[in-house]
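Note sheet for the following structure.
The chains referred to below are lettered A, B, ... by the order of the sequence lines, with proteins before strands, and numbering in each begins at 1.
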2 protein chains.
Amino acid sequence: MTGTSPDYAAHLRDVGLRPTRQRVALARVLFGSGHRHVTAESLHAEVKATRIPVALATVYNTLNQFRDAGLLREVVVAPGRSYFDTNTGHHHHFFVEDDGELHDFPSDKVTIEGLPSPPKGTRLSRVDVVVRVRR
Amino acid sequence: MTGTSPDYAAHLRDVGLRPTRQRVALARVLFGSGHRHVTAESLHAEVKATRIPVALATVYNTLNQFRDAGLLREVVVAPGRSYFDTNTGHHHHFFVEDDGELHDFPSDKVTIEGLPSPPKGTRLSRVDVVVRVRR
DNA sequence: CAAGTACTTTAGAATAATTCCAAAGATGAA
DNA sequence: TTCATCTTTGGAATTATTCTAAAGTACTTG
Ligand SMILES: [Mn+2]
Ligand SMILES: [Mn+2]
Ligand SMILES: [Zn+2]
Ligand SMILES: [Zn+2]
């Protein structure tokens, strides 16, 4: 073992969320290993497998809260297909259309130049690049 | 008046679709004026306003068929928010997060360099750039 | 630590977008 | 015209997500 497990309760308090049993369990699964792309359903299944009771509605609530708190980023790639991404840094995605897989790629090698300025009255929020590929 | 109205029936036959009354009506609304971003609902409302009876299911069927035939492109920007775009040429989008508006911008001024090669076993299908902005 | 209050979770109902179904209708090849 | 094939349609079904109101938990304060 290389390190102690992070103090998720403290992290949650930091962003203004009470460290409830289910929020901590969700955080553990989400942030315990490398970066991940999950759906509400897939995350729900995973957490239930850890024997901690969580309702699907709670998973949705929590994912939305984590997103709003900046802990997660939401990526929409197809109708009815919304992923939550634990990688909140600058990066883009490959989306494999056949099976719905999502893969990160770093944005530091990618240059996007010549973007027009935002429509008047608006300010830039984020630039999403999705590279769609097929098998 | 500057020109005769396009022969939508012929266009439809060209892509292997029977020129039914509703498909022609939908094509007319979709392609009769400049480029558009429509939802199934909005298009349904528009066509019904022309006094041609169309079921919402038919609008969905037709939009999917037109998309598969390459007459339309589908743009997904938010969960539950799918637009069909009559502009199938190379271009990208501004998405105004507050109100869901979508605006085109040409891709010819934009340079995207340094994209990594697609994951093995896949070939490139399309690159979508969505610039999210806020009011 | 005991209370009390505010915040959370939850099951299930509700919504919204989209697809499916089987029957009725339209299209076009012969 | 005839007939097989393709389309349309209303309504039910599906899927993703949100809402509701009641029951449970976390923090503040005394
Ligand atoms: Mn899912
Ligand atoms: Mn819509
Ligand atoms: Zn990612
Ligand atoms: Zn467009």
- So what is the end-to-end bend of the helix from C:dC1-D:dG30 to C:dA30-D:dT1, with 5 pairs used at each end and the value given to 10 degrees?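 Between the first-five-pair axis and the last-five-pair axis there is 30°.
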
- Message: If the threshold is 4.0 Å, N to carboxylate O, is there a salt bridge linking B:Arg36 and B:Glu46?
- Response: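 Yes.
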
Might you point out which heavy atoms bring [X] and [Y] nearest each other, and give the distance in Å?
{"X": "A:Ile52", "Y": "A:Ala25", "result": "CD1-CB, 3.7 Å"}
{"X": "A:Pro79", "Y": "B:Glu74", "result": "CG-OE2, 3.4 Å"}
{"X": "A:Asp98", "Y": "A:Val133", "result": "OD1-O, 4.1 Å"}
{"X": "B:Thr88", "Y": "B:Asp85", "result": "CG2-O, 4.4 Å"}
{"X": "B:Val59", "Y": "B:Leu26", "result": "CG2-CD2, 4.2 Å"}

To the nearest Å, give me how far apart [atom1] ([X]) and [atom2] ([N]) are.
{"X": "A:His44", "N": "C:dT9", "atom1": "NE2", "atom2": "C1'", "answer": "12 Å"}
{"X": "A:Phe66", "N": "C:dT8", "atom1": "CZ", "atom2": "C1'", "answer": "13 Å"}
{"X": "A:Arg23", "N": "D:dC27", "atom1": "CZ", "atom2": "C1'", "answer": "13 Å"}
{"X": "A:Phe84", "N": "D:dA16", "atom1": "CZ", "atom2": "P", "answer": "13 Å"}
{"X": "A:Leu63", "N": "D:dA16", "atom1": "CG", "atom2": "P", "answer": "14 Å"}
{"X": "A:Leu12", "N": "D:dA26", "atom1": "CG", "atom2": "C1'", "answer": "13 Å"}
{"X": "A:Arg81", "N": "C:dA17", "atom1": "CZ", "atom2": "C1'", "answer": "16 Å"}
{"X": "A:Gln65", "N": "C:dC7", "atom1": "CD", "atom2": "C1'", "answer": "10 Å"}

- Message: Take a 6.0 Å sphere around CZ of A:Arg126 and say whether it holds more than 12 heavy atoms from other residues, nucleotides or ligands.
- Response: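 Yes - once you tally the heavy atoms of other residues, nucleotides and ligands closer than 6.0 Å, there are more than 12.
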
- Item | Donor-acceptor side-chain pairing of B:His91 and B:His93 below 3.5 angstrom |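 Yes - a donor-acceptor pair under 3.5 Å links their side chains.
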
- Please step through salt bridge (Lys or Arg N to Asp or Glu O under 4.0 Å) for the pair B:Asp128 and A:Arg132, ending with a clear verdict. CA-CA 8 Å; B:Asp128 279 353; A:Arg132 285 158 197 279; 2.9 Å; yes

- Message: In terms of relative ring orientation, are A:Phe94 and A:Phe105 parallel, tilted or perpendicular, with 30° and 60° separating the classes?
- Response: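 The rings of A:Phe94 and A:Phe105 sit tilted, inter-plane angle from 30° to 60°.
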
Nucleotide N/O of nucleotides 19-21 of chain C paired with protein N/O under 3.5 Å:
{"unit_1": "C:dT19", "atom_1": "OP2", "unit_2": "B:Asn64", "atom_2": "ND2", "d": "3.2"}

- Nucleotide by nucleotide, 5' to 3', does protein get under 4.0 Å of the base (B), only the sugar-phosphate (S), or neither (-) in nucleotides 22-30 of chain C, counting heavy atoms? -----BS--

- Message: I'd like to know whether B:Arg135 forms a salt bridge (Lys or Arg N to Asp or Glu O under 4.0 Å) with B:Glu101, so could you lay out the CA-CA distance, the side-chain angles of the two residues, the decisive distance to 0.1 Å, and finally the verdict.
- Response: CA-CA 11 Å; B:Arg135 298 213 175 281; B:Glu101 269 181 73; 3.3 Å; yes

